[in-house]
Amino acid sequence: MNHAATPFIERQLTALWNTGGTDLLFTPGTPPLARIDGTIAAFDSAVELLPKETEGIAQALLSPQQFEALERDKEVDFSFEWQDRARFRGNAFHTRGRIALSLRMIPVEIPTFEALGLPPVFETFVRLPQGFVLLTGPTGSGKTTTIASILDRINAERACHIVTLEDPIEYVHRRRKAAISQREIGADSHSFARGLRSALREDPDVVLVGEMRDPESIGTALTIAETGHLVFASLHTNDAAQSLDRIVDVFPAESQAQVRMQLAGSLAAVVSQRLLPRIDGGRVAAFEILLATNAVRNLIREGKTRQVRNVILTGQRQGMLTLEMSLSSLVRDGVITYDEAVEHSLFADEIDKPVQRPELVEVAGRRNWAGRASR
């Protein structure tokens with residue numbers, strides 16, 4: 001990897017790090033763009049990248065084999081480490097016949113539960129002996145970071161074998177109490193489905209499926225959970241009910257009853273999350289949490305997943321949360337604005353309106369200004 005030989009790339013990566021950004025986009029005809037607190041902005045709007053410059057960036061970041069794959073397949077995934085500070089997950093692709101790149105920064109240090117503000121129920125996931133835990137949310141909602149934090153806590157507390165299947169590897173886990181085998185699709189296995197079949201023969205206790213993409217990988221993940229292992233997986237869905245439906249609906253109609261039985265028997269929890277801008281700068285996660293109680297398992301078996309929201313509403317004592325409960329808490333604590341909460345909610349009428357007291361509004365405004373200025 002020869003990215004360090006390109007001063008321009010180094011300047012962009014350093015600027016992203018210094019501003020607390022998460023993503024970089026290099027596209028011909030536009031300046032380098034960064035995502036900071038969820039919003040796209042240009043570091044220098046006077047600079048527009050030429051096609052030969054984005055091609056040069058790709059050549060600097062990709063190996064010869066990867067660049068050949070980019071020319072042949074028109075897109076390629078890759079990753080690299082930068083200055084012992086972070087890893088970057090990248091995708092190089094073609095747009096209007098020209099090369100463009102998208103990079104996402106993954107810090108070397110894995111955030112703790114406390115740093116991420118994870119609800120207390122997440123502690124129970126660490127101690128589960130077996131079961132299927134599903135993390136869902138839109139792209140860029142922090143699923144990968146949340147899962148990495150859970151695995152890091154397991155690594156710190158349990159002498160076990162953790163096997164991950166990722167595309168590509170993002171957070172690198174170093175041995176603590178657990179043995180960790182991180183496998184990258186393409187480099188270490190040809191597909192999620194093949195990697196999962198092999199995982200059963202690798203003496204795992206905990207398995208991470210970076211993304212479930214097809215009936216075979218979903219079916220194998222459920223089987224691994226059924227056979228006494230703890231499985232974490234992610235899906236790009238918006239809530240718990242939609243996630244359960246997605247798992248079942250990818251299978252042919254004649255197989256769906258059996259899949260519902262498998263899912264009901266192995267499910268431990270479904271967590272859906274969103275990232276929202278904080279009033280004082282940065283972003284914060286809001287969660288929907290469904291735990292697999294007997295009532296939930298019965299609804300899954302009967303195909304009545306749209307009723308699981310009612311179970312969440314009555315399951316607060318067990319650690320369940322609707323997204324609106326989580327958003328309301330963040331609004332009450334002055335972490336996010338009421339308008340942001342409403343924008344990210346499907347049931348806006350359930351979000352508590354904040355008490356409008358002039359002194360609190362003034363303090364929030366000062367915090368917002370100070371947070372932005374410090375960045």
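Just so you know, residue 1 is the first one in the sequence shown, and it goes up from there.
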* **Distance-only polar pair, side chains of Tyr171 and Ser149, donor-acceptor under 3.5 Å** => no

* To do: Go through Asp245 and Arg306 one step at a time and tell me if the salt bridge (charged side-chain N to carboxylate O under 4.0 Å, His left out) criterion holds.
  => CA-CA 9 Å; Asp245 289 340; Arg306 286 296 153 186; 3.2 Å; yes

* Asked: Any side-chain heavy atom of Arg175 within less than 4.5 Å of one from Ile180?
  -> no

* Asked: Between the main-chain N or O of Arg176 and the side-chain N or O of Asn155, is there a donor-acceptor pair closer than 3.5 Å?
  -> yes

* Asked: Glu68 side chain to Gln65 main-chain N or O, any donor-acceptor pair under 3.5 Å?
  -> no

* **Heavy-atom side-chain proximity of Ile247 to Leu235 below 4.5 angstrom** => yes

* **Test side-chain hydrogen bond (donor to acceptor under 3.5 Å, both in side chains) applied to Ser345 and Glu350, Glu324, Glu340, Arg274, the passing residue** => Glu324

* **Ion pair check, Asp37 and Arg283, cut-off under 4.0 Å** => no

* For the pair Thr220 (side chain) and Glu216 (backbone), establish whether a donor and an acceptor sit closer than 3.5 Å, ignoring hydrogens and angles. => yes

* Compare all side-chain heavy atoms of Thr237 with those of Leu134 and state whether any distance is below 4.5 angstrom. => no

* Decide side chain to side chain contact (heavy atoms under 4.5 Å, CB included) for Ile218 and Leu222; before the verdict, give the C-alpha distance in whole Å, the side-chain angles of both, and the deciding distance to 0.1 Å. => CA-CA 6 Å; Ile218 293 173; Leu222 290 173; 4.3 Å; yes

* Non-hydrogen side-chain atoms of Ile300 and Leu244 separated by less than 4.5 Å -> yes

* To do: Decide side chain to side chain contact (heavy atoms under 4.5 Å, CB included) for Glu157 and Lys177; before the verdict, give the C-alpha distance in whole Å, the side-chain angles of both, and the deciding distance to 0.1 Å.
  => CA-CA 6 Å; Glu157 297 183 3; Lys177 280 193 174 181; 5.6 Å; no

* Counting heavy atoms not belonging to Arg72, are there more than 12 under 6.0 Å from its CZ? -> yes

* To do: Using a 4.5 Å cut-off on heavy atoms from C-beta on, say whether the side chain of Thr305 contacts that of Leu299.
  => no

* Asked: Side chain of Glu75, backbone of Leu70: donor and acceptor closer than 3.5 Å?
  -> no

* To do: Give a yes or no answer on whether the side chain of Ser217 reaches the backbone of Ala193 with a donor-acceptor pair at less than 3.5 Å.
  => no

* With the 4.5 Å side-chain cut-off for hydrophobic clustering, are Leu327 and Leu275 part of the same group? -> no

* Asked: Going only through I, L, V, M, F, W and Y residues with side-chain contacts under 4.5 Å, is there a path from Ile312 to Leu330?
  -> no

* To do: Check Tyr338 against Ala348 and note the closest heavy-atom contact, atom names and distance.
  => OH-O, 4.5 Å

* Are Asp23 and Arg89 close enough for a salt bridge, meaning some N to O gap below 4.0 Å? -> no

* Asked: Hey, does the side chain of Lys143 reach the backbone of Gly210 with a donor-acceptor pair shorter than 3.5 angstrom?
  -> no

Donor-acceptor pairs under 3.5 angstrom involving side-chain atoms of residues 24-36: please list them, not counting sequence neighbours.
unit_1, atom_1, unit_2, atom_2, d
Thr30, OG1, Thr27, O, 3.0
Arg35, NH1, Gly38, O, 2.9

* Sub-3.5 Å donor-acceptor pair from the side chain of Ser326 to the main-chain atoms of Leu323, do we have one? -> no

* Work out which heavy atom in Glu53 is nearest to a heavy atom in Glu48; give both atom names and the distance. => OE1-O, 3.8 Å

* Asked: Rounded to the nearest 0.5 Å, what separation is found between the CZ atom of Phe232 and the CZ atom of Phe132?
  -> 11.0 Å

* Asked: CG/Leu103 to CZ/Phe80 distance, rounded to the nearest 0.5 angstrom?
  -> 5.0 Å

* **Nearest-0.5 Å distance that lies between atom CG in Asn238 and atom CG in Leu346** => 7.0 Å

* Decide whether Ile110 and Ile147 are clustered together by the hydrophobic rule: side chain heavy atoms of Ile, Leu, Val, Met, Phe, Trp, Tyr closer than 4.5 Å, transitively. => no

* Are Glu211 and Asp167 close enough that some pair of their side-chain heavy atoms sits under 4.5 Å apart? -> no

* Asked: Distance only, no hydrogens: is a donor on one side chain within 3.5 Å (strictly under) of an acceptor on the other, for Ser272 and Asp239?
  -> no

* Structure fact -> To the nearest 0.5 Å, atom CD of Glu288 lies from atom CG of Leu290 at 7.5 Å

* Without hydrogens or angle criteria, can the side chains of Arg301 and Asn298 be said to hold a donor-acceptor pair below 3.5 Å? -> yes

* If you count the non-hydrogen atoms of other residues, nucleotides and ligands that lie under 6.0 Å from CZ in Arg98, is the total more than 12? -> no

* To do: Take Asp73 and Phe93 through the side chain to side chain contact (heavy atoms under 4.5 Å, CB included) test and state the conclusion after the steps.
  => CA-CA 9 Å; Asp73 302 329; Phe93 57 97; over 6 Å; no

* To do: Keeping the roles fixed (side chain from Gln66, backbone from Phe78), state whether a donor-acceptor pair exists under 3.5 Å.
  => no

* **Considering all heavy atoms, the nearest Pro215-Val250 contact** => CG-O, 3.4 Å

* Any Lys/Arg nitrogen of Glu123 or Arg153 sitting under 4.0 Å from an Asp/Glu carboxylate oxygen of the other? -> yes

* Asked: At their closest point, which heavy atom of Leu128 faces which heavy atom of Leu230, and how far apart are they?
  -> O-CD2, 3.4 Å

* To do: Please collect all ring pair (Phe, Tyr, Trp, His ring centres under 6.0 Å) contacts where either partner lies in residues 267-321, sequence neighbours excluded, each pair once.
  => Phe122-Phe287

* To do: Answer yes if Ile185 and Leu151 sit in the same cluster of Ile, Leu, Val, Met, Phe, Trp and Tyr residues linked by side chain heavy atoms under 4.5 Å apart, and no otherwise.
  => yes

* For Met105 and Ala86, work out which heavy atoms get closest and say how close. => CG-CB, 3.7 Å

* Check whether Leu50 and Leu101 end up in the same hydrophobic cluster, where Ile, Leu, Val, Met, Phe, Trp and Tyr are linked by side-chain heavy atoms less than 4.5 Å apart. => no

* Structure fact -> The complete set of ring pair (Phe, Tyr, Trp, His ring centres under 6.0 Å) pairs with one or both residues in residues 192-214, sequence neighbours excluded, reads none

Atom pairs and distances, side-chain donor-acceptor, residues 200-209, under 3.5 Å, sequence neighbours left out:
unit_1, atom_1, unit_2, atom_2, d
Glu202, OE2, Arg183, NH1, 3.2
Glu202, OE2, Ser198, OG, 2.5
Asp205, OD2, His161, N, 2.8

* Asked: Is a side-chain donor-acceptor pair under 3.5 Å present for Glu170 with Ser79?
  -> no

* To do: Assess whether atom CD of Glu114 is packed by more than 12 heavy atoms of other residues, nucleotides or ligands within 6.0 Å.
  => yes

* Structure fact -> For Val172, the other hydrophobic cluster members (4.5 Å side-chain criterion, sorted by chain and number) are Ile169

* Asked: If you measure only the distance, is there a donor-acceptor pair under 3.5 Å linking the side chains of Trp82 and Glu10?
  -> yes

* Structure fact -> When every non-hydrogen atom of Gln316 is compared with those of Met325, the smallest separation belongs to NE2-CE, 3.4 Å

* Approximate separation, where rounding is to 0.5 Å, of Ser243 OG and Met212 CE -> 8.5 Å

* To do: Find out whether Met320 and Val311 are in side-chain contact, i.e. whether some heavy atom of one side chain is under 4.5 Å from a heavy atom of the other.
  => yes

Under 3.5 Å, side-chain donor or acceptor atoms of residues 254-263 against the rest of the protein: list the pairs with distances, not counting sequence neighbours.
unit_1, atom_1, unit_2, atom_2, d
Gln256, NE2, Phe251, O, 3.0
Gln262, NE2, Glu226, OE1, 2.9

* Asked: Do side-chain atoms of Arg158 reach the backbone of Val126 as a donor and acceptor pair under 3.5 angstrom?
  -> yes

* Between His94 (side chain) and Ile99 (backbone), is there a donor-acceptor pair under 3.5 Å? -> no

